[in-house]
Amino acid sequence: MQQGLTLPWLTALLLGLMGHLVRGSDFQHHRYEDMVRALFAVQSECPYITRIYSIGRSVEGRHLYVLEFSDNPGIHEALEPEFKYVGNMHGNEVLGRELLIKFSQFLCEEYRAGNQRITRLIHDTRIHILPSMNPDGYEVAARQGPEFNGYLVGRGNSREIDLNRNFPDLNALMYYYEKTNGRNHHLPLPDNWEQQVEPETLAVIKWMQNYNFVLSANLHGGAVVANYPFDKSRDPRIRGRNTYAATPDDKIFRKLARTYSYAHSWMHKGWNCGDFFDEGITNGASWYSLSKGMQDFNYLYSNCFEITLELSCDKFPPASALPREWLGNREALVSYLEQVHHGIKGMVYDENNNPIGNAEISVAGINHDVTCGLDGDYFRLLLPGTYTVTASAPGYIASTSTVTVGPAEAIQVCFYVYGRGIMYMGHGENH
């Protein structure tokens, strides 16, 4: 290549790439009707890999629409993990909503363009995207606009209830069970819980009951940090300092948070919005303790591991800031999603090859079990290492096996049930 052509050629190439990656017309704030139109536009552009469904309605009757990406939309395929992104839980924290709309467009465009990484993700994962959990609060905030938005205006739903303080409090029960050797997963909901939560919270809990989610993130604003469970402290503040509340899966949660932080353009640098978070991550309770939050509820009520992503200093950034924010978050959104494919997964069968739903999978040394879905498949996120894994089901004798997990795709480990016992079948890398 001639030296004189180098700079103009590079400039033209970069401009062309930027034009492809940040089409200016896409970067605007979406009111409810605009958001719905944008989601249905994606669905019509990629009809064979998408589905739109509603998980319920807000207080004011707006649908909580989810856009699903899969090579078989509407169907759970055994051994294919379910993943979710939730945005705009706080109505005035709007960047997550816009990023998830843009991410949906990106997945569709890249799939159609033959991007192998995105194609594989869509073929091997069932991806659920809820851009706005709180559409009513958003409309309140949007009427104020970016310039005049207060710190709390539109945060709650239309009844001014903070949805991230509205889930049943399972932490207190978990912390009691830790001392009494009680259950360590799928904790029971309190009586009349449905009457104690808002319609938006109820819709999300029912959603979690209907899909065996493995990994999730909920997108917030007001800081720049990846926040992982537990959010609620076990102990009162000591000498005015907040105390770290680790889950039994603390190491994997730290890895998940770091995955997002380091793939993000600046989160990992630590200094953001006048705060410093080492590596751009924090334990929730170590930052500040909160009760009845969504991420702790995911971990204690279901198989799902969820972290909270704080993505912008400005809760309602101007539209002009959205292209930069998209470029800062795009790779992180993809990299985090790919984490759903690490650890172990497999099936539990009886001697007639019938899958056993709700069998329990436990890992020695990690006091948090997961359960099989209705199809008999399970997914257990784990870091690389060697683990002792036990499968058990009511009426059968538990079976234990040793499994070595590598850094790549999930290792497949299946169990067969014969009579009263379970016999280990074997394992090998999937794909």
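- Only one option out of N303, L381, T125, L337 pairs with L215 in a side chain to side chain contact (heavy atoms under 4.5 Å, CB included); it is L381.
- The ring of F415 has its center no closer than 6.0 angstrom to the ring center of Y396.
- No hydrogens or angles considered: a donor-acceptor pair under 3.5 Å links the side chains of Y301 and Q209.
- The salt bridge (Lys or Arg N to Asp or Glu O under 4.0 Å) analysis of residues 193-209, with sequence neighbours excluded, yields the pairs R159-E198, E194-K206.
- Summarising the geometry of C372 relative to I356, their closest heavy-atom pair is CB-O, 3.7 Å, with the distance given to 0.1 Å.
- Of the N and O atoms on the side chains of N227 and E310, not one donor lies less than 3.5 Å from an acceptor on the other residue.
- Within 6.0 Å of CG in N181 there are 12 or fewer heavy atoms belonging to other residues, nucleotides or ligands.
- With N88 as reference, R97 is the one residue of R97, E98, H220 to meet the side chain to side chain donor-acceptor pair (under 3.5 Å) rule.
- Side-chain contact between N283 and Y228: present, with at least one pair of heavy atoms (C-beta onward) separated by less than 4.5 Å.
- Around CG of L383, the count of heavy atoms belonging to other residues, nucleotides or ligands within 6.0 Å exceeds 12.
- H90 pairs in a side chain to side chain donor-acceptor pair (under 3.5 Å) with only one of the listed residues (D162, N164, N218), which is D162.
- Judged purely by distance below 3.5 Å, without hydrogens or angles, the side chains of T308 and Q295 pair a donor atom with an acceptor atom.
- Between E93 and R155, at least one side-chain nitrogen of the basic residue sits less than 4.0 Å from a carboxylate oxygen of the acidic one, meeting the salt-bridge criterion.
- Closest non-hydrogen pair, N242 versus W287, comes out as ND2-O, 2.6 Å.
- Side-chain contact check for V389 versus V413: every heavy-atom pair is 4.5 Å or farther apart.
- Considering every non-hydrogen atom in both Q412 and L79, the closest pair reads NE2-CD1, 3.5 Å.
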Please walk me through it: do T201 and N166 pass side-chain hydrogen bond (donor to acceptor under 3.5 Å, both in side chains)? CA-CA 7 Å; T201 310; N166 190 236; 2.6 Å; yes
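- Ring geometry for H264 versus W266: interplanar angle over 60°, hence perpendicular rather than tilted (30 to 60°).
- The heavy-atom pair separating P229 from I307 by the smallest distance is CD-CG2, 4.4 Å.
- A ring-centre distance under 6.0 Å is not found for Y177 and H185.
- Residues M347 and A78 come closest through the heavy atom pair SD-CB, 4.2 Å.
- For the atom pair OG of S291 and CG of L170, the computed distance is 11.5 Å after rounding to the nearest 0.5 Å.
- Annotation: salt bridge (Lys or Arg N to Asp or Glu O under 4.0 Å) contacts involving residues 362-388, sequence neighbours excluded, comprise D249-R380.
- Inter-residue side-chain proximity for E325 and L311 is flagged as unmet; no heavy-atom pair is nearer than 4.5 Å.
- The structure places CG of N157 at 8.5 Å from OG of S58, a figure rounded to the nearest 0.5 Å.
- Contact between P135 and Y32 at its shortest, heavy atoms only, is CB-CD1, 4.0 Å.
- K292 NZ: 12 or fewer foreign heavy atoms inside a 6.0 Å radius.
- Ring planes of Y416 and Y349: tilted class, angle from 30 to 60°.
- Screening residues 66-76 for salt bridge (Lys or Arg N to Asp or Glu O under 4.0 Å) gives R51-E68, E68-R126 as the qualifying pairs, with residues at least two apart or on separate chains.
- In this structure, T282 contributes its side chain and G284 its backbone to no donor-acceptor pair below 3.5 Å.
- For CG of D191, the number of neighbouring non-hydrogen atoms (other residues, nucleotides, ligands) closer than 6.0 Å is 12 at most.
- Between Y336 and F103, the distance from one ring center to the other does not fall under 6.0 angstrom.
- The aromatic rings of H128 and W207 lie perpendicular to each other, with more than 60° between the two planes, well past the 30° mark.
- For the side chain to side chain contact (heavy atoms under 4.5 Å, CB included) criterion with Y378, the lone passing option out of V214, T371, N212, I344 is I344.
- Between E338 and R117, at least one side-chain nitrogen of the basic residue sits less than 4.0 Å from a carboxylate oxygen of the acidic one, meeting the salt-bridge criterion.
- Atom-to-atom distance recorded for W193:CH2 and D169:CG is 15.0 Å, nearest 0.5 angstrom.
- The neighbour count for Q195 CD, taken as heavy atoms of other residues, nucleotides or ligands under 6.0 Å away, is above 12.
- A distance of 11.0 Å separates CG of L95 from CH2 of W326, quoted to the nearest 0.5 Å.
- Ring-plane geometry between F305 and Y299 is classed as perpendicular, the angle between the planes exceeding 60 degrees on a 0 to 90 degree scale with a lower cut at 30.
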